[in-house]
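Notes for the one structure printed next.
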Amino acid sequence: MSKLQVSLYRYNPETDSAPYMQEFEVDTQGRDLMVLNLLELIKQDDTTVAYRRSCREGVCGSDGMNMNGTNGLACITPLSQVVKNNKLVLRPLPGLPVVRDLVVDMSLFYQQYERIQPYLKNDSPVPAIERLQSPEDRDKLDGLYECILCACCSTACPSFWWNPDKFVGPAGLLKSYRFLADSRDTATNERLSDLEDPFSVFRCRGIMNCVAVCPKGLNPTRAIGKIREMLLANAT
Amino acid sequence: MSNMRSMTFDAIIIGGGGAGLRAALELAKSGKNTAVLSKVFPTRSHTVSAQGGITCAIASADPNDDWRWHMYDTVKGGDYITDQDAAEYMCSEGPKAVFELEHMGLPFSRFDNGRIYQRPFGGQSKNFGEGGQAARTCAAADRTGHALLHTLYENNVKHDTTFLNEWYAIDLVKNANGDVVGCIAMDIETGEVVHIKSKATVLATGGSGRIYASTTNALINTGDGIGMALRAGVPIQDIEMWQFHPTGIHGAGVLVTEGCRGEGGYLINKDGERFMERYAPNAKDLAGRDVVARSMVMEILEGRGCGENGDHVYLKLDHLGEEVLSKRLPGIVELSKTFAHVDPAKEPIPVVPTCHYMMGGVATNIHGQAIGQDKDGNDYIINGLYACGEAACVSVHGANRLGGNSLLDLVVFGRAAGMFIESALNEGVDYLDARDSDVETAMQRINRWNESSGGESVADLKRELQSIMQNSFGVFREEKNMKDGVEKLAELRGRIAEAHLSDKSLAFNTARVEALELDNLMEVAEATAIAALERKESRGAHCRYDYPDRDDVNWLKHSMFFPGEKRVGQRDVNFAPKTMDKFEPKIRTY
């Protein structure tokens, strides 16, 4: 069994004037490791390699990266799913500034998340127990609330690459619709009017890269479509 | 010192998981100058991995439910070294804290009447153990921790909490009187080390499951708060008590929620036998976690384990049907497919007891104030230091935590700590400033790593530590093996003190973070080992072949590990709830 050829994006702002690709040969002993395990093997030999990781089970969203051209989470992506011709190219998520190696500066992504006011708003008096919600209304949140903020979707989106400061992006819009769809939220009009400009929502061109890469199987494009419908209904 | 930047806050909360975020929310609402310092972006904290739910008597599944029944279960589950004043506070305040979460937007699953969905979990009963199985765990499908953590983060965004994200706390700073007056912390992105001055320092750093080779815990769970406390001379309580969750996925260690058994799943051995019927005839698969984990190991040791090596058992869920699985346990279906390569709708999941939770921690009162012990064995408050969540030992979990009680613990006591700190700050807090020499003391460790020029690698030493803990301090323990482990750890400590950080760069140097984490793993492992050797009985999660019985005469006590002399002392358990009679220790059966 030949060793896996790994090409890794390297950049340390203190020592490198420009990023470069470093080649590694990794002996996986024929195991179908997760990409994160592969990075751990590399880091054992070269401790300078930097990447984020935490839960190692696909729920915390730390280790989003670009693997052979596709965004995903390293901890739940088996080599068999991404390696082609015994070669794997690992790069940081595209479109965001690189801090070091596979670590990107997520500030713009988080700013768009905060911009949609990602919290429940309800102006009615707080009851002594929970607010009631029918199972049917609660079902409307499935496929929306599970987002882990890994940024795989937004950094795969050409509209976000062009206008990361003005287009909310698929993750932020999915979150926005999560509150628009919540029967307990009373700020629908306010939320919609904040999104009315030509960029926030309408820069989405329906390319659906977000849907293709979401490691949780969520569908931001559909959520964006729902927001558009609500905006159009509001306008007429 | 002169060139080191300092920052000043009324309160600094170290850790951005559920406990830290809940405390922060309280303080942010109060308008105090507060910051949360977290080594990861808050939603990457380990609370996100909690699955099954938050246990609380909100009287939804059963309108007659009573928080006192929940308290009884909690005290019994902890094998009677649960502090009853703390359990009383948690169980009675719990509903308020859970309803607050719902009002904040947490997307709980629902019953047809619109109320929060509750499922049965292990160790739950009605009517003080007399009324059969209760269903008391409030759930958002099997992603409750994710839903809870995101909801808390969202509400901190709403209230403009200050975050120092991707900052790493290195050590506590104490003044000349021994009060905790802040910490030394590193901005991971730039490598800058800053002196943070604060009147209240809250350890909300979570657990330390990474001392074991096999754990459900995130890679970040390295006991940073416990390590900092021990190096500052703060004793740690009940640290020998580690919960092994019955159902970690064999090989991967990934958690499979107890909610699977709550929804009707059960464990089988290689003969297909539902073996828990033999060990716990009443509660069966929903006995306490310590009981189920031991039974599984017994099955394996007696040759009834599954697989080629007979080293695991199976969790059977296929009889629940696709609808229950997709509605109530969608995350488990996903994890099983990814990490065990099985579809639970068709095949059972290979599972094995896996290190899951640290019952011990910084001893605190119900306000989160850290407690030390003087030479005469009397409690005293450690000025300026607070702890909440898994890093604290308040102690509601005693010798064994019940499923669903950790999420309740962290919201109830995170909230309580926040409220108390607000009022303490309002009353006025006046501690001496740290002297340059105090700051220098706190800098010793990072300086040591930065000046290291040779020695062994962090990754190798960490692996060795994890293997010692796995082999000598697992589900079953005995003296000879533990003594061997203690000796090996002592030797390892010397080598870690000489270990090498080869990458001295500043920007996002994760090797430096991992080196600093290794020191903390070492502190937690050593405290665990010495305390485990000292507790000569079997209670809750601490089970010894050589002392198979509970010893209420000598050990109906908390252990206290004192780092200076590496000594284990005892501390009284609280048997004085305020509003009701205490629960007397009884033989614990399920």
Side-chain angles (χ1 to χ4, degrees), chain A residues 12-15 34 40 43-44 46-62 76 78 99-101 103 105-106 110 113-114 117-122 126-135 137-138 141-142 144-149 175 178-179 182 184-185 216-217, chain B residues 40-41 43-46 48-49 58-60 95 98-99 102-105 107-117 140-141 143 145-147 150-151 153-155 157-158 189 218-220 252 254-255 330-331 334-335 338-339 457-460 501-503 505-511 514:
Chain A
N12 180 339
E14 291 164 61
T15 49
M34 297 295 178
E40 286 167 344
K43 193 169 172 70
Q44 271 176 35
D46 182 350
T47 60
T48 66
V49 173
Y51 51 90
R52 293 186 175 103
R53 84 287 182 274
S54 173
C55 76
R56 61 82 173 92
E57 59 188 25
V59 297
C60 80
S62 295
I76 54 169
V99 176
R100 174 171 174 170
D101 299 342
V103 178
D105 179 348
M106 309 234 325
Y110 294 138
Y113 159 84
E114 290 187 14
Q117 306 193 331
Y119 40 83
L120 190 84
K121 296 186 182 189
N122 187 314
V126 173
I129 60 166
E130 71 269 44
R131 290 197 165 95
L132 301 183
Q133 184 173 48
S134 70
D137 280 341
R138 170 58 185 77
L141 307 183
D142 284 342
L144 303 174
Y145 81 98
E146 301 93 327
C147 172
I148 58 174
L149 301 178
K175 184 63 105 176
R178 175 250 172 278
F179 290 104
D182 195 322
R184 301 169 296 172
D185 192 277
K216 305 308 286 181
Chain B
V40 293
F41 183 79
T43 62
R44 327 286 183 213
S45 306
H46 188 54
V48 82
S49 291
I58 60 163
S60 169
V98 169
F99 293 141
E102 196 282 332
H103 299 153
M104 287 180 213
F108 282 110
S109 302
R110 302 287 171 156
F111 284 120
D112 284 342
N113 66 3
R115 292 210 61 192
I116 292 171
Y117 174 72
R143 300 189 176 103
H146 169 275
H150 279 257
T151 300
Y153 182 69
E154 290 160 4
N155 279 268
V157 168
K158 179 179 176 183
E189 186 174 330
L219 293 157
I220 59 171
V254 170
L255 174 69
E334 216 177 289
L335 289 171
T338 306
F339 289 101
S457 90
V458 168
D460 290 345
L501 172 66
S502 56
D503 180 5
S505 65
L506 292 170
F508 222 100
N509 183 345
T510 54
E514 288 182 27

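Proteins get letters first, then strands, A, B, ... in listed order; numbering begins at 1 in each. Atom set for the values below is all heavy atoms of this structure, side chains included, hydrogens, waters and symmetry mates excluded.
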Contacts of type side chain to side chain contact (heavy atoms under 4.5 Å, CB included), residue A:Asp142, not counting sequence neighbours: A:Arg138, A:Asp139, A:Tyr145, A:Glu146, B:Lys327

Region of B:Thr43 in contact with chain A, defined by heavy-atom distances below 4.5 Å: both

Part of A:Asn12 within contact of chain B (heavy atom distance under 4.5 Å): side chain

Region of A:Lys43 in contact with chain B, defined by heavy-atom distances below 4.5 Å: side chain

Heavy-atom pair count under 4.5 Å with chain B, highest-scoring of A:Val49, A:Val99, A:Asp137: A:Val99

B:Asp460 portion near chain A, given a 4.5 angstrom heavy-atom threshold: neither

Option that, when pairs with chain A are counted at under 4.5 Å, heavy atom only, ranks first among B:Leu506, B:Asn155, B:Val40, B:Thr338: B:Leu506

Contact summary for B:Ser49 and A:Glu57, nearest pair of heavy atoms: OG-OE2, 3.0 Å

Under 4.5 Å from a heavy atom of chain A, the part of B:His46 involved: neither

Residue A:Arg53 versus chain B: region with a heavy atom under 4.5 Å: both

Between A:Glu114, A:Met106, A:Arg52, the one whose heavy-atom pairs under 4.5 Å with chain B are most numerous: A:Arg52

Side-chain touch B:Val458/A:Thr47, heavy atoms, less than 4.5 angstrom: no

Residue part contacting chain B, namely of A:Val59, when any heavy atom lies under 4.5 Å: both

Residues B:Glu154 and A:Lys175 bridged, charged N to O under 4.0 Å: yes

Flag side-chain contact, heavy atom, 4.5 Å: A:Arg178 against B:Pro107: yes

B:Leu219/A:Glu40 under side chain to side chain contact (heavy atoms under 4.5 Å, CB included): CA gap, chis, key distance, verdict: CA-CA 11 Å; B:Leu219 293 157; A:Glu40 286 167 344; 3.9 Å; yes

Atom group of B:Leu501 that falls short of 4.5 Å from chain A, counting heavy atoms: neither

Close side-chain approach of B:Glu189 and A:Val103, heavy atoms under 4.5 Å: no

Top of B:Ala507, B:Ser457, B:Gly145 for chain A proximity - count of heavy-atom pairs under 4.5 angstrom: B:Ala507

A:Val126 side chain near A:Arg131 side chain, heavy-atom distance below 4.5 Å: yes

Atom group of B:Phe41 that falls short of 4.5 Å from chain A, counting heavy atoms: side chain

Choice from A:Thr48, A:Ile129, A:Leu120 maximising heavy atom contacts with chain B below 4.5 Å: A:Ile129

Best-contacting candidate, B:Arg143, B:Glu514, B:Lys158, B:Met104, against chain A by heavy atom pairs under 4.5 angstrom: B:Lys158

Side chain to side chain, A:Phe179 and A:Gln117, heavy atoms closer than 4.5 Å: no

Part of B:Phe508 within contact of chain A (heavy atom distance under 4.5 Å): both

A:Pro135 portion near chain B, given a 4.5 angstrom heavy-atom threshold: both

Interchain contact, A:Arg56 with chain B, by part (heavy-atom threshold 4.5 Å): both

Within-4.5 Å side-chain heavy-atom neighbours: B:Glu102 and B:Ile58: no

Atom group of A:Leu141 that falls short of 4.5 Å from chain B, counting heavy atoms: side chain

Contact leader toward chain B among A:Glu130, A:Arg100, A:Met34, where contacts are heavy-atom pairs under 4.5 Å: A:Glu130

Exceeds 12 heavy-atom contacts within 6.0 angstrom, atom CG of B:Asp112: no

Side-chain heavy atoms of B:His150 within contact of A:Leu149, under 4.5 Å: yes

Proximal component of B:Ala459, with respect to chain A [non-hydrogen, under 4.5 Å]: side chain

Validation row: A:Lys216, B:Glu334 side chains within 4.5 angstrom (heavy atoms): yes

Contacting region of B:Ala252 [heavy-atom separation from chain A under 4.5 Å]: backbone

Set of side chain to side chain donor-acceptor pair (under 3.5 Å) partners for A:Tyr110, sequence neighbours left out: B:Arg44

Contact class of B:Leu335 relative to chain A, heavy atoms under 4.5 angstrom: side chain

Where A:Gly58 and A:Cys55 come nearest, the two heavy atoms and their spacing: N-SG, 3.4 Å

Interface moiety of A:Pro78 toward chain B, non-hydrogen atoms closer than 4.5 Å: neither

Interface residue of largest heavy-atom contact number with chain A, from B:Ala59, B:Gly114, B:Ser109, under 4.5 Å: B:Gly114

